[in-house]
Amino acid sequence: MPDLAQLVLLLAVGGLAAVVIAVPILRRDRVTVVDDERETLGLRHRIAIESLRDVEADHRAGSLDEVAYPLQRAEAEERAAQTLAELEAPTAHPPAPGPVHSRRPATIAGLAIAAVLVAGFFVPPPIGLANQVVDTRQQAIQAALDTLQANPRDAQAFSDLADALLAGDSYADMQRGAAALLALITLEPNNVDAHDKLISTYIRVADWKDASSVTDSLTKLTPDSPDVPFFRGLIARGQGDQAEAKRQFEAFLKLAPDDPRVPMVRSLID
């Protein structure tokens with residue numbers, strides 16, 4: 001816990017940084033009440049996709065033999081298809097579209113976001129992050145914030161912080177996770193993994209505009225990556241453009257016929 005002087009300094013910097021990010025956050029007042037059920041379904045689907053990827057990774061690493069692999073893959077694909085169907089089902093209160101956060105900031109804005117995240121942990125509940133339940137995830141957040149307090153330009157700390165926040169199931173977690181990823185991309189503009197995570201975060205909260213913008217940036221970094229048409233297909237589908245979604249998904253299948261996401265994409269095309 002910092003002394004009073006450090007706390008005042010953190011809060012002062014956080015106040016200045018708030019000017020940078022306050023407007024886009026205030027514009028999202030409607031989305032902060034995103035239906036809890038939809039958030040939970042989104043988290044379940046993301047976990048299902050990650051499980052499918054883990055099965056493929058374990059198989060490539062030799063951890064799964066040819067007997068266990070098809071069984072575990074079939075189970076993971078079934079879970080992914082089921083959670084996708086639940087996520088796509090109509091909800092009573094669908095989230096309003098719009099940006100989770102502002103566009104990718106300049107370096108000073110990214111560092112300002114870091115100051116806000118660090119300061120937020122030390123603000124008394126219920127404003128800051130300190131009022132969250134203390135668990136393994138919170139410990140990871142604490143560790144990342146401690147590192148950022150000492151070095152606000154630590155890219156790995158931003159990455160760890162984003163991972164810990166995005167493991168949560170609330171819109172506030174998504175918002176803070178996106179902020180951490182924006183700061184990480186500011187420090188490492190060529191970080192493909194950070195772009196992938198940020199696009200996925202925007203898609204989870206139906207922020208199609210910003211998801212498309214970050215996908216444009218990803219295209220410049222990795223124009224031949226199958227992730228580009230995959231994300232563009234999901235975005236087009238979310239925007240109701242089924243023809244474009246099908247075109248992008250078919251492009252994905254041509255680029256990555258063995259990708260673990262192929263069964264899900266084929267089901268979406270069907």
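Note that the structure is predicted; figures quoted are calculated from it, not measured. Just so you know, residue 1 is the first one in the sequence shown, and it goes up from there.
- A 4.5 Å side-chain heavy-atom check between L234 and F249 finds at least one atom pair inside the cut-off.
- Without hydrogens or angle criteria, S225 side chain to D227 main chain gives a donor-acceptor distance under 3.5 Å.
- When all heavy atoms are compared, the tightest approach of A256 to V262 is O-CG2, 3.2 Å.
- A pairwise comparison of heavy atoms in V228 and T215 identifies O-CG2, 4.2 Å as the closest pair.
- For the residue pair S170/D173, the side-chain donor-acceptor check at 3.5 Å is satisfied.
- The two residues L166 and G177 make their nearest non-hydrogen contact at CD2-CA, 3.9 Å.
- A distance of 7.0 Å separates CG in N191 from CD1 in I185, rounded to the nearest 0.5 Å.
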Step-by-step side chain to side chain contact (heavy atoms under 4.5 Å, CB included) determination, D259 to L253: CA-CA 8 Å; D259 191 283; L253 293 176; over 6 Å; no
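- Distance check, rounded to the nearest 0.5 Å: CG of N151 to CG of D146 gives 13.0 Å.
- Taking OG1 of T219 as the reference point, atom NE2 of H195 lies at 9.5 Å (rounded to 0.5 Å).
- Note that CG of L268 is 9.5 Å distant from CD of Q242, once rounded to the nearest 0.5 Å.
- Under a 4.0 Å N-O distance rule, the pair R247/E250 does not qualify as a salt bridge.
- Here the CG atom belonging to L184 is positioned 12.0 Å from the CZ atom belonging to R153, to the nearest 0.5 angstrom.
- Remark: side-chain polar atoms of S213 are not paired, donor with acceptor, to backbone N or O of K209 under 3.5 angstrom.
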Passes side chain to side chain contact (heavy atoms under 4.5 Å, CB included), L255 versus F230? Steps please. CA-CA 10 Å; L255 286 173; F230 175 74; over 6 Å; no
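- Judged purely by atom type and a 3.5 angstrom limit, R237 has no side-chain atom pairing as donor or acceptor with the backbone of A245.
- Within the 3.5 Å criterion, the main-chain N or O of A155 finds no donor-acceptor partner in the side chain of S159.
- Between D193 and K197 there is a salt bridge, since at least one side-chain N of the basic residue sits less than 4.0 Å from a carboxylate O of the acidic one.
- Atom CE of residue M174 and atom CG of residue L181 lie 10.0 Å apart, to the nearest 0.5 angstrom.
- Of all the heavy atoms in D154 and A157, the pair that sits closest is OD1-N, 2.9 Å.
- Taking 4.5 Å as the limit, some side-chain heavy atom of F252 sits within range of a side-chain heavy atom of R261.
- Shown here for R137 and A164, the closest heavy-atom pair between the two residues is NE-O, 2.6 Å.
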Under the side chain to side chain donor-acceptor pair (under 3.5 Å) rule, what do Q138 and Q142 come out as? Steps first, then yes or no, please. CA-CA 6 Å; Q138 179 60 28; Q142 169 74 59; 5.1 Å; no
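- Panel note: side chain S212, backbone W208; no donor-acceptor pair is recorded below 3.5 Å.
- Here the shortest heavy-atom pairing between S200 and F231 reads OG-CE2, 3.6 Å.
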Going through the distances and angles, do D216 and R232 end up as a salt bridge (charged side-chain N to carboxylate O under 4.0 Å, His left out)? CA-CA 9 Å; D216 290 341; R232 291 201 186 282; 2.8 Å; yes
